[in-house]
Amino acid sequence: SYKSLEYLKSNFKNIDISDLISKVYEMPLSGKLDIEPTPFDLPNKKILVFNHRWAKSTGVNRMMEYIDGLDDFKIWATDYQAPKEYVGSNLNRGQYRYLLENSLGSMSFVDSYATWNLSIQDGLSVKKPVLVYDQPAMRKVVGDDYPLFFKTKDEFHTQVKNLKQMGNFTWDIPNHDEKFAYNIIKSISNIMSKPRKHIPKDANNWLYCILNGLNYKHDIAKQVQPNLQLNSVWQYIRR
């Protein structure tokens with residue numbers, strides 16, 4: 001992500017690595033909840049879902065500060081390690097979808113730490129609004145013109161009040177899967193277009209397995225190099 005590359009550059013104070021990292025491509029994925037909802041009992045309250053890990057890095061401290069004063073709402077954290085007042089539920093995916101579909105919306109407070117975020121895509125995939133703390137990496141996920149960003153506590157409370165009138169919320173995010181596929185193919189093409197002095201002897205066998213539906217390193221290695229772990233350099237070969 002943008003933040004990751006900026007952090008990478010910050011580790012090289014006297015060296016310009018811009019050309020090197022220009023070859024590093026974003027590889028995002030689209031969030032999908034392609035499973036039927038599984039109904040279960042929910043409280044008769046307006047539910048706001050916090051569907052992130054219960055950790056400082058995902059903004060739980062700011063979340064707890066900002067929800068102060070929202071006594072009419074039930075804050076539902078989906079991480080089972082969350083305190084009991086935030087439910088801390090351990091739902092299966094069907095129940096998770098049902099929770100999102102029957103909530104007022106979900107929220108993200110991710111700030112200084114950010115990886116590619118599927119959680120904020122989940123609510124959008126079932127036509128539910130998602131309140132997002134305004135952060136550069138999150139803009140990459142939903143787009144700069146997304147209408148439900150917030151920064152301050154007052155902005156957050158205003159957005160929450162607006163949720164009551166929203167009902168179904170439709171927002172088309174970029175097709176991240178297409179972007180992912182394009183970047184992978186582009187990277188492979190760039191590498192394969194260069195003359196190779198040495199091609200590993202099992203490379204064609206690995207490609208054969210991949211083209212015939214084997215997708216995991218373990219399964220491919222078992223077919224091509226069944227005695228791999230007996231080899232003294234097996235970790236090198238595996239990489």
Side-chain angles (χ1 to χ4, degrees), residues 1-11 17-36 49 51-53 55 57-59 78 93-94 96-97 100 106-149 169-194 196 200 203-221 223-224 238-239:
S1 72
Y2 162 82
K3 279 287 189 183
S4 301
L5 295 180
E6 289 300 304
Y7 178 74
L8 180 62
K9 284 197 288 188
S10 74
N11 284 276
I17 62 167
S18 299
D19 183 60
L20 174 64
I21 65 173
S22 69
K23 299 177 177 63
V24 178
Y25 304 104
E26 292 177 57
M27 295 192 292
L29 292 172
S30 301
K32 294 183 178 70
L33 274 176
D34 48 358
I35 189 169
E36 288 297 311
V49 180
N51 53 339
H52 303 266
R53 289 183 300 109
S57 60
T58 57
T78 55
R93 284 182 61 78
Y96 173 56
R97 174 167 183 156
L100 287 177
S106 55
M107 51 190 177
S108 168
F109 286 83
V110 174
D111 180 12
S112 56
Y113 164 86
T115 56
W116 188 251
N117 199 292
L118 296 175
S119 297
I120 66 173
Q121 297 182 56
D122 286 346
L124 297 175
S125 73
V126 295
K127 294 183 167 40
K128 284 305 216 178
V130 182
L131 303 182
V132 180
Y133 187 81
D134 195 355
Q135 197 258 16
M138 299 304 103
R139 284 178 171 264
K140 292 277 190 178
V141 181
V142 295
D144 287 327
D145 55 344
Y146 184 69
L148 298 178
F149 286 122
F169 174 79
T170 301
W171 183 258
D172 293 326
I173 59 175
N175 191 321
H176 298 304
D177 285 344
E178 282 187 3
K179 198 176 197 180
F180 178 86
Y182 171 79
N183 288 335
I184 289 291
I185 293 169
K186 184 177 179 181
S187 298
I188 292 172
S189 297
N190 287 342
I191 292 169
M192 297 299 288
S193 65
K194 297 173 183 177
R196 306 288 291 179
N204 287 332
N205 291 331
W206 274 66
L207 285 172
Y208 177 83
C209 288
I210 293 167
L211 291 171
N212 283 277
L214 290 181
N215 299 313
Y216 295 96
K217 286 182 292 184
H218 176 270
D219 296 336
I220 298 170
Q223 289 291 323
V224 179
R238 177 173 172 270
R239 286 194 293 271

Flag the pair [X] / [Y] as yes when at least one side-chain heavy-atom distance between them is below 4.5 Å, and no otherwise.
X    : Y    : answer
H52  : S108 : yes
F109 : T58  : no
V224 : C209 : yes
L124 : Y146 : yes
K127 : T170 : yes
K32  : D177 : yes

Problem - Neighbour count >12 (heavy atoms, 6.0 Å) for atom CG, D172 - result: no

How close do [X] and [Y] get, counting heavy atoms only, and between which atoms?
X    : Y    : result
G31  : S125 : O-CB, 4.1 Å
G123 : S106 : CA-OG, 4.4 Å
V142 : I173 : CA-CG2, 4.1 Å

Exercise for the section: Kindly write out the residues that satisfy side chain to side chain donor-acceptor pair (under 3.5 Å) with N117, not counting sequence neighbours, or none if the list is empty. Expected result: none

Looking at [Y], is its backbone amide N or carbonyl O close enough to the side chain of [X] to form a donor-acceptor pair, meaning the two atoms are under 3.5 Å apart?
X    : Y    : answer
Q223 : N205 : no
R97  : I35  : yes
S30  : H176 : yes

How far does [atom1] of [X] sit from [atom2] of [Y], to the nearest 0.5 angstrom?
X    : Y    : atom1 : atom2 : answer
N51  : T78  : CG    : OG1   : 5.0 Å
L211 : W206 : CG    : CH2   : 13.5 Å
Q135 : F149 : CD    : CZ    : 9.5 Å
L29  : L118 : CG    : CG    : 6.5 Å

Problem - Electrostatic pair R139-D134, nearest N-O below 4.0 angstrom - result: yes

Problem - Whether W171 and F169 hold their rings parallel, tilted or perpendicular, with breakpoints at 30° and 60° - result: parallel

